[in-house]
2 protein chains.
Amino acid sequence: MTNESEKNHRRAILDAARQILIQDGYKNLSMRKIARQIGGSQGTIYLYFQNKDAIFYALIDEGSEKLYGLYETILNTPAEPQEHLTRICQAYINFGLENPSYYEIMHITLPMMTERFPKEQYRRARRFLELTAQTLQTCAAQKGETLSEPYLEATLLWATMHGVVSLIIAQRIDIRLDRERLIEQTIHRATSHYL
Amino acid sequence: MTNESEKNHRRAILDAARQILIQDGYKNLSMRKIARQIGGSQGTIYLYFQNKDAIFYALIDEGSEKLYGLYETILNTPAEPQEHLTRICQAYINFGLENPSYYEIMHITLPMMTERFPKEQYRRARRFLELTAQTLQTCAAQKGETLSEPYLEATLLWATMHGVVSLIIAQRIDIRLDRERLIEQTIHRATSHYL
DNA sequence: GGTGTTCAGTGAACACCGTTCATTTTTTAC
DNA sequence: GTAAAAAATGAACGGTGTTCACTGAACACC
């Protein structure tokens, strides 16, 4: 190993992996490449991660944490619940589009190509849904209503957002369509029920 | 090679690839494994496909064709346009859930792990959207309305359906939720605007 | 200082991978 | 029956993820 960073090899490995992922794609991410990037040898990585998949799992965790943090920040800023709802939807989509490497790892890439993901980790990656469900409840409450299945409704909302984000990232959307308008319409349609 | 099937090595390779994909996942699909399965050698496959990615491309094409066929069958069966709309939405979701290997290859797997997909092929995989747009137009027409951007609206609908299907396939949906209800609600919410 | 123990770090080695291509086998055409 | 063409092979190349016997620096104790 080079020098400094006593215990931050883990961090360095994760950063290197993410950088390579962005730059060269999944197919070109290898343990040896990460090792070269951090200035160590391939064996070293195995002192910090059980295997290649574990690196992905760690990145997913980081991504989930990041998204959850964004939601918390928004919801801790005082505003009408409807405003909160719109903002978290925008935040979700922006998060996906601005962090495609996180997003792809979190949602698109993994299930097929690694062994099945530890359940506990899936659960944590879903924490933002609880915040969504709460927000939906608050919106409904303001209209004098109560949602009988807020968590299901949050999941519906999630699915819609995820659909747009993943199709955009995968470049599957017809280029003739205006991306901004598509996003705006998606949010509008998906949330209008609660406004 | 074994015997029979003069020119259907292509078919055999595709079937073998799909079977291995279902059984062992992407990570365990290799050219040598396909070769073993069809009873040939690894080099043989290269007589029928340029490389491993080309096998995926062919499977995507098959999947697109299959989906388009389903849509055509539904739309050629006389019914109210609203009925058509609901049916194609159901068909899309069912197609995804019943053919996860096709679906994952078509939408989830590829962009990250292979070189960028030929544009022409993406276009063909999107043909079903034109049928969707038409159906939406017909629905609107019956209400005396005209959609200014039917293709955008079809894409919105697609994104929503894709969101649910991909989250379900990836097993990301909370197991406490009722899957049937989630699907039913998704279709209901996504189409109610046009009914 | 010397000695023993620990442990992060190494990189050769193993069994695989996708892909190429000289060679062999099979089929076809005469 | 034989020559030409086509199809199929599998060894070889340079990569992969992962393991593990080994190194050598750091520390504790005498």
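All values reported here derive from a predicted model rather than from experimental measurement. A note on names: the letters A, B, ... follow the listed sequences, proteins ahead of strands, and every chain is numbered from 1.
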Subject >> Polar side chain donor-acceptor pair, B/Y26 to B/E104, under 3.5 angstrom >> reply: no
Original post:
Under the criterion salt bridge (Lys or Arg N to Asp or Glu O under 4.0 Å), which of B/R18, B/R11, B/R10 is the partner of B/E62?
Top reply: B/R11
**OP:** Test A/F128 against every option in A/Y71, A/Y68, A/F95 by the ring-ring contact (aromatic ring centres under 6.0 Å, His included) rule and name the one that passes.
**Re:** A/Y71
**OP:** Grab the CD1-P distance between A/I34 and D/dT16 for me, whole Å please.
**Re:** 11 Å
Original post:
Taking it one step at a time, do B/F49 and B/L14 satisfy side-chain contact (heavy atoms from CB on, under 4.5 Å)?
Top reply: CA-CA 10 Å; B/F49 294 93; B/L14 289 175; 3.8 Å; yes
**OP:** Figure out the CG/C1' separation between A/N8 and C/dG9, and round it to whole Å.
**Re:** 17 Å
**OP:** Would you mind reading off the distance between A/I13 atom CD1 and D/dT18 atom C1', rounded to a whole angstrom?
**Re:** 15 Å
**OP:** Report the residues that fulfil salt bridge (charged side-chain N to carboxylate O under 4.0 Å, His left out) with A/E149, sequence neighbours left out, ordered by chain and then residue number.
**Re:** B/R181
**OP:** Quick one: stems involving DNA chain D, counted as three or more successive Watson-Crick or G-U pairs, both distances short of 3.5 Å.
**Re:** C:1-30 with D:1-30
Original post:
Would one find a side-chain N or O of B/H9 under 4.0 angstrom from OP1 or OP2 of D/dA7?
Top reply: no
**OP:** With side-chain contact (heavy atoms from CB on, under 4.5 Å) as the test, would you mind laying out the steps for B/L131 and B/I88 before giving the verdict?
**Re:** CA-CA 9 Å; B/L131 296 183; B/I88 60 177; over 6 Å; no
Subject >> Sugar-phosphate or base contact per nucleotide [nucleotides 11-19 of chain C; S, B, -; heavy atom under 4.0 Å] >> reply: BBB---BBB
Subject >> Residues A/T44 and A/H9: side-chain donor-acceptor under 3.5 angstrom >> reply: no
Original post:
Do A/E153 and B/R189 sit within salt-bridge range, that is, some charged N less than 4.0 Å from a carboxylate O?
Top reply: yes
Original post:
Expressed in angstrom and rounded to an integer, what is the separation of A/L47 atom CG from C/dT6 atom P?
Top reply: 18 Å
